[in-house]
2 protein chains.
Amino acid sequence: MKITIKHIGEMAGVSAAAVSKALNGHSDISEETKTRILEICKQVGYTRNEIARNLAKGKSNMIGLLIPDISSPIYSEVFKGLDIQAREHGYCLFLCDTNRDIELEKKYVRTLMEKRVSGIIVAPVSNSVDHIEEITRNSIPIVYIGGKVNDNMGNYVTVDNFYGSKTAVDYLIKLGHREIYMVCDRDNTKTMADRIKGYETVMQENNCNPVVYVDGAGRKWRESGYFQTKHILSLGKIPSAIFCSSDMVAIGVMEAVLEKGLRVPEDISIVGYDDAAFASLPTINLTTIAQPKFEMGKKTFNLLYKIIKSHNSDYKNREIVKPELVIRGTCIQLKGN
Amino acid sequence: MKITIKHIGEMAGVSAAAVSKALNGHSDISEETKTRILEICKQVGYTRNEIARNLAKGKSNMIGLLIPDISSPIYSEVFKGLDIQAREHGYCLFLCDTNRDIELEKKYVRTLMEKRVSGIIVAPVSNSVDHIEEITRNSIPIVYIGGKVNDNMGNYVTVDNFYGSKTAVDYLIKLGHREIYMVCDRDNTKTMADRIKGYETVMQENNCNPVVYVDGAGRKWRESGYFQTKHILSLGKIPSAIFCSSDMVAIGVMEAVLEKGLRVPEDISIVGYDDAAFASLPTINLTTIAQPKFEMGKKTFNLLYKIIKSHNSDYKNREIVKPELVIRGTCIQLKGN
DNA sequence: CTGAAAGCGCTAACAT
DNA sequence: ATGTTAGCGCTTTCAG
């Protein structure tokens, strides 16, 4: 039998209400009784019941977080940024790993509603979020994040992929490269489209011929980079640089390049995208575009917080953050420049 | 104003109790009214209130999970194993990232108690867990996991580090190596002690001289592997193989070896420990000992579940799982064998 | 089969 | 400054 404020009240010779006030630091209670009550709580090891508390207050100070895969390093960093910010504002994050499964995503949204969370942050599994809004019916603030974000979603924070891509290719151009290919894995998101657009824009600005490979075989990540590059290298004409749609793709690209007996960066320069955890490992040392993951986490929480506080559940609070070039060892200055 | 079972009751012309029964699939209600009630719930978009429900039932079907750092790949895999198992048994995981901070760990334990979770799984930040047991006071089942586990903890599931280490060194011996060093970073856990013991045991069994470097400068991970190896290589005598206390250490070791102009595995074979996510990357391709992370997650939940169900909060339910050698490309068969 | 009533532990007016 | 009284929304005996 757990001990309640009523018990504490009896022990202290006061009412339960008084105990509640003491516990919550209300002002309408004398310092003296307050300390006495608190003392007793400590002594008997009282632990307040959040469940009852939340019911009485009609809220839960929890924020639901839907993530496609927490073992993906990018999301775990975002999580940490969110977490620290949430704690600072007295909220708890409730993490749900949707495992890239729409059904599970729906199930979790329902769970979160039942738990009466104050808001939801979701990195959606798919480009459309109709299935989740159908459940929430506008009854709770939602902020979207992640690679699937697009303008059909209401509130979101995302990163400027067009800008990131431009930065990467600009850098390559500055290094004297002109034959720069882009290789992408299969991913029909706005994120990907923007990255490609950024690449094409810079190429055209510099009168270079854009060559983008998008995986037609439906492969993803490293596998996609590997096989596409194998194909490219078999064609005879070798680009001086390859810009990859992600670091995982870059890994596959490097693999194929090395296998062919070519060197990185001496023969081919490579730029990735994401700044995944492994990108900084010595034997990889990949030059790449860094997503400000931790920052994004913070910004996202702050945006949600603002919406919650303003009770303005209405649409289109958006924030776009800028990524950054991280120069490591996979690019080389072209001779004669 | 949220809609409650009372409202539903009114609409259906029944009592709130009846609605509750329908919602929970109790048998003492006619099929007919039940379907009518459920129909209405669907139509008006009723979402049951878990908070009230939990209060009434006196429990929360949540399991607290304390992890030092969710961005560490090993923990995120464990999480996923736990998660899937928890879901299957109708529980929710409540993840708390303690950020390797004892104070935060304590704070979260308190939070979990307040939330009346059914049990706690903790990968502790430190070798001692007194600070957490002081808070829980045996009032809730706890299972410990992770690298800090030792016999001072009650219930735990861990992996057989002695065995894992033996397996690694046995493999090296079989490959014809006799001059095998072990390099460890700073980490005074039982885990580390067991790994060292396993190494020493096999070396002695084979009449080889064990040489273990433990970082005296207090460095960790890659940095530790790097500097210690640099030192080793400066000594003139080069071992034919290095067994590392972790994959991160192995990365540092490789870095130093490569920097010295030596090749892996032609000049020096390397074995890691953990099978971190990056170990399988093409340019790393590290032979290592794999922790059955996902499996461990499952086993851990099952153990906790057993304890919860048996109401036997008493001590020393333990499970030890066996790691496995993963052969990749950083070891070579010695000539003349 | 159905409903009335009590209560889970706490908070928040509203008295006193 | 303190206590009284109602709930919060649901579950659960216990009658009918």
Side-chain angles (χ1 to χ4, degrees), chain A residues 1-38 40-41 44-62 90 110-118 139, chain B residues 1-38 40-41 44-62 90 110-118 139:
Chain A
M1 191 42 222
K2 264 289 184 188
I3 162 168
T4 72
I5 53 171
K6 207 172 151 194
H7 302 145
I8 301 285
E10 284 162 10
M11 293 171 178
V14 295
S15 72
V19 179
S20 173
K21 286 169 183 171
L23 249 23
N24 292 294
H26 288 196
S27 55
D28 55 348
I29 186 169
S30 74
E31 268 310 314
E32 189 205 359
T33 46
K34 182 172 167 181
T35 48
R36 181 158 44 94
I37 291 171
L38 260 28
I40 294 181
C41 286
V44 301
Y46 168 76
T47 307
R48 80 174 170 203
N49 187 324
E50 268 287 317
I51 305 181
R53 193 157 186 256
N54 288 337
L55 179 59
K57 309 220 302 183
K59 52 177 182 166
S60 81
N61 84 310
M62 273 213 308
R110 261 181 234 112
T111 302
L112 292 175
M113 302 281 295
E114 292 174 354
K115 288 193 184 302
R116 296 294 189 271
V117 296
S118 310
S139 63
Chain B
M1 190 42 222
K2 265 290 185 188
I3 163 168
T4 72
I5 54 171
K6 207 171 152 196
H7 302 145
I8 300 285
E10 283 162 10
M11 295 172 178
V14 296
S15 72
V19 179
S20 173
K21 286 168 183 170
L23 249 23
N24 291 295
H26 288 197
S27 54
D28 56 346
I29 186 170
S30 74
E31 269 310 314
E32 190 205 0
T33 47
K34 182 173 169 182
T35 49
R36 181 158 43 93
I37 290 170
L38 261 27
I40 294 182
C41 287
V44 301
Y46 169 75
T47 308
R48 80 173 171 204
N49 187 323
E50 269 286 317
I51 305 181
R53 193 158 186 255
N54 288 335
L55 178 59
K57 309 218 304 183
K59 51 177 183 168
S60 82
N61 83 311
M62 274 214 306
R110 261 181 234 112
T111 301
L112 292 175
M113 303 281 296
E114 291 174 354
K115 287 192 183 303
R116 298 293 189 270
V117 296
S118 309
S139 64

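In what follows, chains are A, B, ... by sequence order, proteins preceding strands, each numbered from 1.
- Taking atom NZ on A:K6 and atom P on D:dT5, their separation rounds to 13 Å, with Å as the unit.
- Closest approach of A:T33 and A:R36 over heavy atoms only: CG2-NH2, 2.9 Å.
- Taking atom CD1 of A:I8 as the reference point, atom P of C:dT11 lies 13 Å away to the nearest angstrom.
- To the nearest 0.5 angstrom, A:K34 atom NZ is 10.0 Å from A:L23 atom CG.
- Between the CG atom of A:N54 and the P atom of C:dT11 there is a distance of 9 Å, rounded to whole Å.
- A straight line from CD1 of B:I5 to C1' of C:dA4 spans 13 Å, rounded to a whole angstrom.
- Side-chain atoms of A:A52 lie closest to C:dG9 of the nucleotides C:dG9, D:dG3, D:dT12.
- If you take NZ of B:K2 and P of D:dC10, they are 10 Å apart, rounded to a whole angstrom.
- Checking D:dC10, C:dC10, C:dC1 against every side-chain atom of A:Y46, the shortest atom distance belongs to C:dC10.
- Rounded to whole angstrom, the span from the CG atom of B:N24 across to the P atom of C:dC1 amounts to 17 Å.
- Side-chain N/O atoms of B:T4 include none lying less than 4.0 angstrom from OP1 or OP2 on D:dC8.
- A sub-4.0 Å separation between OP1 or OP2 of C:dG3 and a side-chain N or O of B:S15 is present.
- Residues B:I51 and B:K21 each lie close to DNA chain D; by heavy-atom proximity, the contact nearer the 5' end of the strand is made by B:I51.
- Between B:S20 and D:dT11, a side-chain N or O to OP1/OP2 separation shorter than 4.0 Å is present.
- Taking every side-chain heavy atom of B:V14 into account, C:dG3 is the closest of C:dT11, C:dG3, D:dG3.
- In this structure, NE2 of A:H26 is placed 8 Å from P of C:dT11, rounded to the nearest angstrom.
- Comparing C:dC10, C:dA12, D:dT11 against the side chain of A:A56 picks out C:dC10 as the nearest.
- Considering CZ of B:R110 and CE of B:M113, their distance stands at 10.5 Å, rounded to 0.5 Å.
- Distance check: A:R116 CZ to B:R48 CZ gives 10.5 Å after rounding to the nearest 0.5 Å.
- The A:R53 side chain lies nearest to C:dT11 when the options are D:dC10, D:dT4, C:dT11.
- Note: CG (B:D28) to P (D:dT13) measures 11 Å, nearest angstrom.
- Between B:N49 and D:dC8 there is no side-chain polar atom (N or O) within less than 4.0 angstrom of OP1 or OP2.
- Of the listed nucleotides (C:dT2, C:dA12, D:dC8), C:dT2 has the atom at the smallest distance from the side chain of B:S30.
- Residue contacts shown for A:A18 are limited to sugar-phosphate atoms, with no base heavy atom under 4.0 Å away.
- A heavy-atom distance below 4.5 Å is not found between the side chains of B:E50 and B:M62.
- The side chain of A:T33 contributes no N or O atom lying less than 4.0 Å from OP1 or OP2 of D:dA1.
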Verdict with reasoning, B:V44 to B:I8, per side-chain contact (heavy atoms from CB on, under 4.5 Å): CA-CA 9 Å; B:V44 301; B:I8 300 285; 3.6 Å; yes
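- Mapping B:L55 and B:G13 onto DNA chain C via the closest heavy atom, the residue that lands nearer the 5' end is B:G13.
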